[in-house]
Structures are given as structure tokens and as C-alpha cells.
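Contents: one structure, followed by commentary.
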Amino acid sequence: MRLVREDETGRREARIVELEAYGGPEDLASHARFGSTTRNRVMAGPPGIAYVYLVYGMYDCLNVVTEPDGRPSAVLIRAVEPLVGIERMRADRLTVDRRRRAARTGPGAAAAKRRLDATPDHRLATGPGLVAAAFGVDTAWTGIDLCDPGGPLRLERDPAAPLDTVSPERIAVGPRVGVAYAGEDWAGRPWRFSIAGHRSVSRPNPGSG
DNA sequence: ACAACGATCAACT
DNA sequence: GTTGATCGTTGTC
């Protein structure tokens with residue numbers, strides 16, 4: 001599927017190339033393990049809704065609620081390949097990089113700009129925090145319907161390809177990133193999926209089976 | 001009320 | 001391979 005943001009200022013579009021699945025209360029790596037809370041309450045609602053949260057006090061992460069109403073679950077979008085509106089993605093990336101260096105002016109901001117200028121288009125959104133940054137999405141977007149064809153942020157089917165275009169052997173499968181705290185059982189589950197060898201994937205993913 | 005901790009990223013060595 | 005930045009959420013007192 002493609003991630004699209006469209007409003008009066010323009011259109012951004014990118015191919016989703018990497019994601020992770022997070023299950024119900026029994027999944028010790030999922031925010032659903034806390035039960036329903038103020039932050040995660042949309043996880044237990046109907047599917048197709050955006051769940052955006054802040055990690056490490058710095059980065060926003062965009063999730064799509066998946067299973068039916070009443071079963072808390074979501075898929076984290078970890079990386080996308082920019083296709084349309086790339087300059088706007090760069091502009092919003094810089095805003096976020098600057099927030100990270102909020103206390104600094106001059107050298108810090110200039111260095112961030114130089115790094116971004118040196119980043120090729122296909123590496124603009126190679127990580128969940130970078131996906132949200134490139135699309136200008138933050139926690140205020142939680143709850144919006146990603147399946148509304150007229151919505152400002154939405155999922156669209158690739159116009160040139162049906163859903164099952166990526167054959168199973170082209171999908172790399174591996175453990176989810178950054179969830180060691182969940183214990184071996186849950187951290188070890190192969191619930192991270194990416195397009196094998198795709199240059200916009202956040203980092204190498206073992207086991208392309 | 002308060003302390004601890006992340007579904008990260010980039011700059012270090 | 002290691003570490004700092006930075007703050008809302010969660011669990012404890």
C-alpha cells in the first residue's frame with residue numbers, strides 16, 4: 001500500500017516497504033499490554049484508524065489499527081520509499097531535526113541541514129520516527145481514518161498493482177526492533193516484515209523467506 | 001506527587 | 001559498539 005498525505009498545500013506519497021505487527025494484551029511488546037489507556041485507546045477501536053505516539057520524548061511513530069473493534073492491535077509503519085512531494089518531506093524532516101537540537105542554534109541547525117542535504121531521496125523515511133517526520137504527522141493525528149479516500153492522511157492501493165504483488169519470497173521476515181524488554185518469547189517473534197533488499201528499508205532484516 | 005522508562009536517531013569511539 | 005538528547009506515559013508511593 002501507499003501512504004498519502006494530501007491537503008491544500010500539496011500531495012505527498014510513498015510506498016510502504018517495512019512494518020511491524022503488534023498484537024493484543026498478551027503481546028508484551030505492544031502498548032496494548034497496559035490495557036486501554038488514554039494514549040492507546042484507539043488501538044481497541046475499529047481498524048483503519050491512525051495511532052500515533054511519541055517515543056523517547058522525541059519521535060512520533062505512525063501505526064495503523066488492524067484487528068476488529070474490541071481487539072487492541074496495530075501495525076507500525078517503519079519505512080517508506082518517497083515517491084511524490086519529496087521536497088515537502090525534506091522540509092518537514094528538517095523541522096523535526098531542529099526540534100531535536102532545540103537548545104542549539106547556528107552550528108547545530110546548520111549541521112542538521114547539511115546532513116539532510118546529503119541524504120538521498122530514498123533514505124528520507126527509513127525509520128518510524130523519520131516516516132512521521134517526513135509526513136508531518138504527530139500525536140494529534142491519532143484517531144483519523146486512514147481508509148477515508150478523502151481524508152488528509154490515508155492509505156491507497158498502488159494504482160498499477162494489486163495487493164498481492166509482493167510475492168512471499170520477496171518479503172523479509174525477522175524479529176521486531178527495540179523490544180528486548182518484552183522477553184525472549186515476544187521479542188523473538190518474526191513480526192517485522194519488509195520488502196527484501198529494498199533500499200528504503202530502515203536496516204538489514206535477516207531471513208528473507 | 002514523583003521516578004523510571006521507552007516500538008529512535010545520529011554522533012561518537 | 002556505545003551513548004546522549006528529551007518528555008509523555010505508566011506504575012509506585
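Proteins come first, then strands; the chains are lettered A, B, ... in the order of their sequence lines, and each starts at number 1.
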Subject >> Whole-Å distance separating the CZ atom of A/Arg203 from the P atom of B/dA7 >> reply: 14 Å
**OP:** Would you indicate which nucleotide in C/dC7, B/dT8, C/dT9 comes nearest to any side-chain atom of A/Tyr59?
**Re:** B/dT8
Original post:
Quick one: the side chain of A/Tyr56 and the base of C/dA5, do they pair up donor-acceptor inside 3.5 Å?
Top reply: no
Original post:
Does a nitrogen or oxygen in the side chain of A/Arg189 sit under 4.0 Å from OP1 or OP2 of B/dA7?
Top reply: no
Subject >> Atom-pair distance (CG on A/Leu116; P on B/dA10), nearest Å >> reply: 10 Å
Subject >> Salt bridge present between A/Arg5 and A/Asp7 (N-O < 4.0 angstrom) >> reply: yes
**OP:** Examine the side chains of A/Thr66 and A/Ser73 and answer whether a donor and an acceptor come within less than 3.5 Å of each other.
**Re:** yes
**OP:** Consider the side chain of A/Arg39, meaning its heavy atoms from C-beta on, and name the nucleotide among C/dT9, C/dG11, B/dA7 that approaches it most closely.
**Re:** C/dT9
**OP:** Salt-bridge test for A/Arg12 and A/Asp92: reply yes if a basic N is under 4.0 Å from a carboxylate O, no otherwise.
**Re:** yes
Original post:
According to a strict under-4.0 Å criterion, is A/Arg78 in side-chain N/O contact with OP1 or OP2 of B/dT8?
Top reply: yes
Original post:
For A/Arg176, which contact category applies under a 4.0 Å heavy-atom criterion: base, sugar-phosphate, or nothing?
Top reply: nothing
**OP:** Determine the contact category for A/Asn40: base if any of its heavy atoms lies under 4.0 Å from a base atom, sugar-phosphate if only primed atoms, P, OP1 or OP2 are that close, otherwise nothing.
**Re:** nothing
Subject >> Non-hydrogen side-chain atoms of A/Leu153 and A/Val137 separated by less than 4.5 Å >> reply: yes
Subject >> Under 4.0 angstrom between A/Arg115 side-chain N/O and B/dA10 OP1 or OP2 >> reply: no
Original post:
If pairing requires Watson-Crick or G-U wobble contacts with both distances under 3.5 Å, which nucleotide is the partner of B/dC9?
Top reply: C/dG4
**OP:** Give one of base, sugar-phosphate or nothing for A/Thr37, where a contact means two heavy atoms less than 4.0 Å apart.
**Re:** sugar-phosphate
Subject >> Candidate pair A/Ser202 and A/Arg78, rule side chain to side chain donor-acceptor pair (under 3.5 Å), full reasoning >> reply: CA-CA 7 Å; A/Ser202 68; A/Arg78 282 194 57 89; 3.3 Å; yes
Original post:
Would you say B/dA7 has OP1 or OP2 under 4.0 Å from some side-chain N or O of A/Tyr181?
Top reply: yes
Subject >> Test side-chain hydrogen bond (donor to acceptor under 3.5 Å, both in side chains) applied to A/Asp27 and A/Arg176, A/Arg189, A/Arg33, the passing residue >> reply: A/Arg176
Subject >> Side-chain N,O (A/His31) to OP1/OP2 (C/dT9) below 4.0 Å >> reply: no
**OP:** Could you state the atom-to-atom distance from CG of A/Leu130 to P of B/dT8 in whole Å?
**Re:** 11 Å
Original post:
Starting at CD of A/Glu20 and ending at P of B/dA7, how long is that distance when rounded to a whole Å?
Top reply: 11 Å
Original post:
Which whole-number value in Å describes the distance from A/Leu94 CG to B/dC9 C1'?
Top reply: 15 Å
Original post:
When the P atoms of B/dC12 and C/dT6 are considered, how many whole Å apart are they?
Top reply: 15 Å
Original post:
Of the candidate nucleotides B/dA10, B/dA7, C/dC7, which contains the atom at the shortest distance from the side chain of A/Met43?
Top reply: B/dA7
**OP:** Round to the nearest Å and state the distance from A/Asp138 atom CG to C/dT9 atom P.
**Re:** 12 Å
**OP:** Starting from C1' on B/dT8, measure out to CG on A/Leu62 and report it in whole angstrom.
**Re:** 15 Å
Original post:
Taking atom P of C/dG8 as reference, at what distance in whole Å does atom CE of A/Met58 sit?
Top reply: 12 Å
